[in-house]
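In what follows, a structure is listed as structure tokens, so that the remarks can point back to it.
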Amino acid sequence: MRWTSFFSPTLRDAPADAEAISHQLLVRGGFIRQLHSGHYTLLPLAFRVRKKIIQIVEDEMDAIGGQEVQMPTLQPSSIWKESGRWESMGEIMFRLEDRHGSEAALGVTAEEIFATVANEISSYKQLPQMWYQIHTKYRDEARPKSGLLRVREFTMKDAYSFDVDESGLDEAFEKQHQAYIKIFERLDLDVVPVEASSGNMGGSDSIEFMVRAESGEDDVLICGKCGYAANIEKAVSELSDIVDESGPEVVEKFSTPEIRTIAALAEIGYPSETQIKTMVYMIDGQVTLVLVRGDHMINEQKLADATQAVNLRPASKNETMENLGAFPGSLGAVGVADLPVLADHALNGRTNMTTGANEDDYHLSGVNIERDINVSEWLDLREVQAGEACVSCGGELDLVSTIESGHIFKLGSKYAEVFGAKVLDENGVNKPLVMGSYGIGIERAMATIVETHHDDKGIVWPVSVAPFHVVITVVQVKDDESMRIAEEIYGSLTGTGIEVLLDDRDARPGVKFADAELIGVPVRVTIGPKGIADGVVEVTPRKDGETNLVAIDDVVAHVTDLVR
RNA sequence: CGGGACGUGGCGCAGCUCGGUAGCGCACCUGCUUUGGGAGCAGGGGGUCGAGAGUUCAAAUCUCUCCGUCCCGACCA
């Protein structure tokens with residue numbers, strides 16, 4: 001490709017509203033342009049990168065027996081209603097009606113559709129199966145952000161496995177896990193697999209593949225000692241024991257005017273770890289009390305996971321008043337008999353604690369949880385804080401911000417049961433298929449690579465996904481000898497399958513160097529009269545920027561070496 | 001959805017307080033000179049100032065409504 005006929009509108013300044021580094025560089029480098037919030041045009045450079053990422057993903061999926069298919073992105077509401085996700089997906093799903101008034105949705109994921117197709121599998125002899133597609137997904141994100149990192153329309157590789165039993169699923173899951181490791185290695189992304197929440201996917205287990213990055217929006221806790229790693233939505237930690245004094249026989253009510261917060265109560269002599277924090281949630285329409293230790297934070301995803309909630313939100317002040325007779329600041333669960341009370345494990349067995357009295361401006365002390373509170377369920381609801389101890393080795397947990405680059409799920413039989421996808425096993429028993437699902441966001445992977453591969457001059461693509469392997473920078477396009485040699489090298493490299501961008505623009509060298517660096521081509525070959533006089537050209541790897549003089553006759557071999 | 005910021009040629013910005021019909025840098029076109037790290041000079045093209053309504057002789061500027069974009073939070077496979 002010749003630069004004079006290549007469309008790559010580079011910019012000297014990044015758009016003012018681009019914050020994330022990948023967003024800035026991809027726009028400046030002429031890779032992408034925004035159409036509207038969460039929707040981006042991929043220009044030729046980005047499209048080339050996307051193709052390479054897809055190729056790598058396809059390779060690794062095919063290597064573990066994946067079969068590529070394609071499902072429609074416009075999907076009837078009926079199959080989503082069958083699985084219950086027409087409701088539970090909520091606002092993330094773009095919905096529309098056709099001219100006949102039939103409801104449909106744009107695909108956010110495809111478990112349902114794949115399960116309906118899997119209906120045609122009827123014998124264990126046809127298993128296992130692993131199918132995947134690389135196709136557009138639509139998600140009406142509450143807040144698209146950071147360029148390609150969180151968008152409403154994107155390409156996703158979604159794979160689905162079908163097995164006759166759990167051990168088959170375990171195998172498929174492990175294969176995907178290993179394939180993901182290889183994919184991210186080839187993308188030069190340093191991933192940390194972590195235990196994750198399965199959200200509304202359901203199923204037993206899930207692993208997220210996280211890349212450390214400042215612009216990441218997922219928090220992960222990692223143990224530096226044993227390697228334990230989990231999403232904050234799932235992470236657990238070891239707390240040091242607290243020994244309470246036994247306290248009085250009965251709770252004592254005391255007046256606390258103006259005291260509405262844990263901190264304020266702590267100031268007058270009731271340390272926060274001896275308080276019970278009481279929150280009121282609406283969980284699928286049911287007013288529910290949720291208790292954690294005063295110095296702990298609740299993690300709402302944990303609450304949602306533990307309760308299997310479809311709709312979960314904090315109760316309004318009015319709802320709280322109606323149900324408990326007090327406003328937030330004086331709430332407690334003592335004596336509450338008619339509402340579910342969910343408590344975090346860290347409160348188990350505690351005595352002599354302090355909590356709100358459900359009467360504005362009053363608190364209770366001497367609360368013995370077992371004696372005084374009617375706990376319906378003990379759950380893990382607490383959000384782990386940085387610095388707490390690892391449950392498996394006692395090491396210190398680090399809190400790291402990461403980008404979620406992949407997520408794999410053990411789904412079990414939930415979807416197969418709904419859609420009647422059953423097979424006969426070797427004993428002639430009809431059993432639902434056991435499914436797994438496995439996703440990677442293609443454009444997010446592209447942006448994540450930029451987040452982790454750049455310097456002050458621009459992007460530094462790994463060879464595996466670079467839009468071009470080599471850029472030939474002709475310093476003096478009007479010098480016939482320079483152009484002749486450039487064309488010759490261009491022809492030879494291209495002939496061996498190396499992708500070359502020939503910068504034949506009549507621009508000053510500084511401009512051409514800056515552009516080549518900005519778009520991140522791994523190797524630059526610089527051809528100018530100075531070198532030609534000595535029979536050499538310059539070869540500069542983007543990564544270290546160190547220029548080597550190479551004899552013209554050796555360039556092809558030298559460059560081939562660098563990009564293979 | 002709550003909070004904040006912003007919207008003026010492709011990009012970055014000034015002008016708005018105090019109304020008089022739009023300007024700067026980069027990019028683009030032409031010519032000349034230049035040519036190893038974002039050239040210089042000269043000439044030129046391109047903007048319903050986010051949209052609508054209002055006030056006014058006159059609105060980028062004042063008023064109202066709406067729309068859009070970004071950031072923080074909420075939320076989120």
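Numbers restart at 1 for each chain; the letters A, B, ... are given by sequence-line order, proteins then strands. Keep in mind it's a predicted model, so treat the numbers as computed, not measured.
Spacing between B:U65 and B:G25 at atom C1', rounded to whole Å, works out to 36 Å. Across the P atoms, B:C49 and B:A42 are found 31 Å apart, a figure rounded to whole Å. Nucleotides B:C66 and B:G44 place their C1' atoms 39 Å apart, quoted to the nearest Å. With both ends at atom P, the span from B:C13 to B:G9 equals 12 Å, rounded to whole Å. B:A14 and B:G7 have their P atoms separated by 8 Å, with the value rounded to a whole Å. With P as the reference atom, B:A51 and B:U61 are 10 Å apart, rounded to whole Å. Rounded to whole Å, the P atom of B:G43 lies 43 Å from the corresponding atom of B:A5. The separation of B:U48 from B:G52, taken at their P atoms, amounts to 12 Å, rounded to a whole angstrom.
Judged by distance alone, the side chains of A:D219 and A:S401 never bring a donor and an acceptor atom under 3.5 Å apart. Inspection of the A:R542 and A:T540 side chains reveals no N or O donor paired with an N or O acceptor under 3.5 Å. Looking only at atom types and distance, the side chain of A:E195 has no donor-acceptor partner in the side chain of A:Y228 under 3.5 Å away. When only modelled atom types and interatomic distance are considered, A:Y138 and A:D140 share no side-chain donor-acceptor pair under 3.5 Å.
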Any chance you could list the contact pattern along nucleotides 1-16 of chain B? Use B for base contacts, S for sugar-phosphate-only contacts and - for none, protein heavy atoms under 4.0 Å, 5' to 3'. ----------SSS---
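Spacing between atom CZ of A:F154 and atom C1' of B:C76 amounts to 11 Å, rounded to whole angstrom units. Rounded to an integer number of Å, the gap from CD of A:E19 to C1' of B:C70 is 8 Å. Atom CD1 of A:I527 and atom C1' of B:U35 are 17 Å apart (whole Å). When rounded to the nearest whole Å, the span between CD1 of A:I232 and P of B:C75 equals 13 Å.
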Identify each atom pair where a protein N or O and an N or O of nucleotides 41-47 of chain B are less than 3.5 Å apart, giving names and distance.
none

Atom pairs, N/O to N/O, protein against nucleotides 28-31 of chain B, distance under 3.5 Å?
none

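Under the Watson-Crick or G-U wobble criterion, with both distances below 3.5 Å, B:U35 is left unpaired in every strand shown. Here B:C75 sits opposite no nucleotide as a Watson-Crick or G-U wobble pair (both hydrogen-bonding atom distances under 3.5 Å). Look at B:G25: its Watson-Crick or wobble partner, with both distances under 3.5 angstrom, is B:C11. Across all strands shown, B:A42 is found opposite B:U30 as a Watson-Crick or G-U wobble partner, with both distances under 3.5 Å. Nucleotide B:G68: paired with B:C6 (Watson-Crick or G-U wobble, both distances less than 3.5 Å). A 3.5 Å limit on both hydrogen-bonding distances identifies no Watson-Crick or G-U partner for B:U48.
A:S482 pairs by the side chain to side chain donor-acceptor pair (under 3.5 Å) definition with A:D479, not counting sequence neighbours. When the side chain to side chain donor-acceptor pair (under 3.5 Å) test is applied to A:E488, the partners found at least two apart in sequence or on another chain are A:R484. Residues that satisfy the side chain to side chain donor-acceptor pair (under 3.5 Å) test with A:E217, not counting sequence neighbours, are A:R150. With sequence neighbours left out, the ring pair (Phe, Tyr, Trp, His ring centres under 6.0 Å) criterion links A:W3 to no other residue. Residues forming a side chain to side chain donor-acceptor pair (under 3.5 Å) with A:E19 (at least two apart in sequence, or on another chain): none.
At most 12 heavy atoms of other shown residues, nucleotides or ligands fall within 6.0 angstrom of atom CG in A:D480. More than 12 heavy-atom neighbours from other residues, nucleotides or ligands sit within 6.0 angstrom of NZ on A:K81.
For A:S146 and A:E538, each mapped to the nucleotide of RNA chain B holding its nearest heavy atom, the one lying further toward the 5' end belongs to A:E538.
Within 4.0 Å (heavy atoms only), A:Q34 reaches sugar-phosphate atoms of the nucleic acid but no base atom. Among the heavy atoms of the strands, none lies under 4.0 Å from A:M93. Among the protein residues, A:G528 comes within range of the nucleic acid bases, having at least one heavy atom under 4.0 Å from a base atom. Using a 4.0 Å heavy-atom distance criterion, A:V108 is classed as a base contact.
Side-chain N/O atoms of A:K145 include none lying less than 4.0 angstrom from OP1 or OP2 on B:U69. Between A:Q476 and B:U34, a side-chain N or O to OP1/OP2 separation shorter than 4.0 Å is absent.
Ring pair A:F419/A:W80: centre-to-centre distance not below 6.0 Å.
Using a 4.0 Å cutoff on non-hydrogen atoms, the parts of residues 35-46 of chain A near RNA chain B are A:H36, A:S37, ordered by number. Taken residue by residue, residues 501-511 of chain A places heavy atoms nearer than 4.0 Å to RNA chain B at A:R508, A:P509, A:G510, A:V511.
Side-chain atoms of A:E517 and base atoms of B:G37 include a donor and an acceptor less than 3.5 Å apart.
Within the structure, side chain to side chain donor-acceptor pair (under 3.5 Å) pairs that include any residue of residues 434-446 of chain A comprise A:R50-A:E443, A:E111-A:S437, A:T155-A:E443, A:S161-A:Y438 (at least two apart or interchain). Residue pairs that meet the ring-ring contact (aromatic ring centres under 6.0 Å, His included) test with at least one member in residues 5-26 of chain A, sequence neighbours left out, are A:F6-A:F468, A:H23-A:Y40.
Note: A:F114 and A:W131 have tilted aromatic rings, judged against thresholds of 30 and 60 degrees for the angle between ring planes. Classified by interplanar angle (parallel below 30°, tilted 30° to 60°, perpendicular above 60°), the ring pair A:H39/A:H36 is parallel.
Taking 4.0 Å as the cut-off between side-chain N and carboxylate O, A:R505 and A:D503 count as a salt-bridged pair.
Tested against A:I472 for a side chain to side chain contact (heavy atoms under 4.5 Å, CB included), the candidates A:V523, A:D504, A:V521, A:L502 yield a single pass: A:L502.
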